[in-house]
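Written below as structure tokens is the structure these notes are about.
Keep in mind the model is a prediction, meaning the values are calculated, not measured. Note: hydrogens, waters and symmetry copies are ignored here, and every other heavy atom, side chains too, is used.
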Amino acid sequence: MSKKEPRKLIANNKKAYHDYFIDETYEAGIALHGTEVKSMRLGKCSIKESFIRIENGEVYVYGMHVSPYEKGNIFNKDPLRIKKLLLHRAEINKLQGKIKEKGYTLVPLEVYFNEGKVKVEIGLARGKKLYDKRESIAKKDQMREAEKEFKARLLTK
């Protein structure tokens, strides 16, 4: 029996959780070249400024930066090249229908290794207004304060 290795996080997009309400998440494969995978194994990937579009029934991620592999020389690809995401046709159709609704968009949330393959977690998201962002910041601050008080009580006992 082989134990499943836990998923190894490469990059995450904290800004997406701040700027959007995430309604649904999907796991997608990503079409990469060899040196890009090697670079990702070293953790050299960023999805902070990236976004996802559906064009001609296929899903692509734009602005995902994969640093060139140091030992890859001529085999390295453009760090910001457009990368294709691999999803089932039914999922693509469902996402396309949702995006046509007002205010929905697709954003990459995480890039990770799952059983040796690079996966991207994408979120179906609605944009937050400024007052929503302030509200979520206030909730985080309240949670942080509550945790501090709880820890302080545990230490004094």
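- Salt-bridge formation is detected for the pair Lys94/Glu24: a Lys NZ or Arg NE/NH1/NH2 atom is positioned less than 4.0 Å from an Asp or Glu carboxylate oxygen.
- When all heavy atoms are compared, the tightest approach of Ser50 to Pro108 is OG-CG, 3.0 Å.
- Considering only heavy atoms from C-beta on, Ile30 stays 4.5 Å or farther from Lys119 through its side chain.
- Residue Tyr20 is not grouped with residue Phe51 when hydrophobic side chains (ILVMFWY) are merged at heavy-atom distances under 4.5 angstrom, including chains of intermediate members.
- By the criterion of side-chain heavy atoms lying less than 4.5 angstrom apart, applied directly or through intervening Ile, Leu, Val, Met, Phe, Trp or Tyr residues, Ile47 is grouped together with Val118 in one hydrophobic cluster.
- At least one side-chain heavy atom of Asp141 sits less than 4.5 Å from a side-chain heavy atom of Arg144.
- You'll find the side chain of Asp19 stays beyond 4.5 Å of the side chain of Val107, heavy atoms only.
- Of the inter-residue distances, the one linking Ile10 atom CD1 with Lys8 atom NZ reads 6.5 Å to the nearest 0.5 angstrom.
- Here the side chains of Asn13 and Glu110 are not in contact, with every heavy-atom distance at 4.5 Å or above.
- Expressed to the nearest 0.5 Å, how far CG of Asn114 lies from CD of Glu121 amounts to 10.5 Å.
- The hydrophobic cluster containing Ile54 also contains Ile122, counting ILVMFWY residues as joined when their side-chain heavy atoms lie under 4.5 angstrom apart, directly or transitively.
- Val66 and Tyr112 fall into different hydrophobic clusters, where Ile, Leu, Val, Met, Phe, Trp and Tyr side chains are chained together by heavy-atom contacts under 4.5 Å.
- With sequence neighbours excluded, the residues satisfying side chain to side chain donor-acceptor pair (under 3.5 Å) with Arg126 are Asp23.
- Between Glu49 and Lys15 a salt bridge is recorded (basic side-chain N to carboxylate O distance below 4.0 Å).
- Contact annotation: the side chain of Asn12 never approaches that of Leu109 to less than 4.5 Å [non-hydrogen atoms, C-beta and beyond].
- A side chain to side chain contact (heavy atoms under 4.5 Å, CB included) with Tyr26 holds for exactly one of Leu95, Val120, Leu106; it is Leu95.
- Scanning all heavy atoms of the two residues, the minimum distance from Leu85 to Ala28 falls at CB-CB, 4.3 Å.
- Glu36 pairs with exactly one of Arg81, Arg41, Lys44 by the side chain to side chain donor-acceptor pair (under 3.5 Å) rule, that one being Arg81.
- Put simply, NZ on Lys14 and NE2 on His18 are 13.0 Å apart, with the number rounded to the nearest 0.5 Å.
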What pairs of donor and acceptor atoms, side-chain ones from residues 57-65 against any protein atom, are under 3.5 angstrom apart with sequence neighbours left out?
residue : atom : partner : partner atom : Å
Glu58   : OE1  : Tyr60   : OH           : 2.6
Glu58   : OE2  : Lys84   : NZ           : 3.3
Tyr62   : OH   : Glu55   : OE1          : 3.1
Tyr62   : OH   : Glu55   : OE2          : 2.7

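- Using a 4.5 Å heavy-atom threshold, the side chains of Thr105 and Ile52 count as separate.
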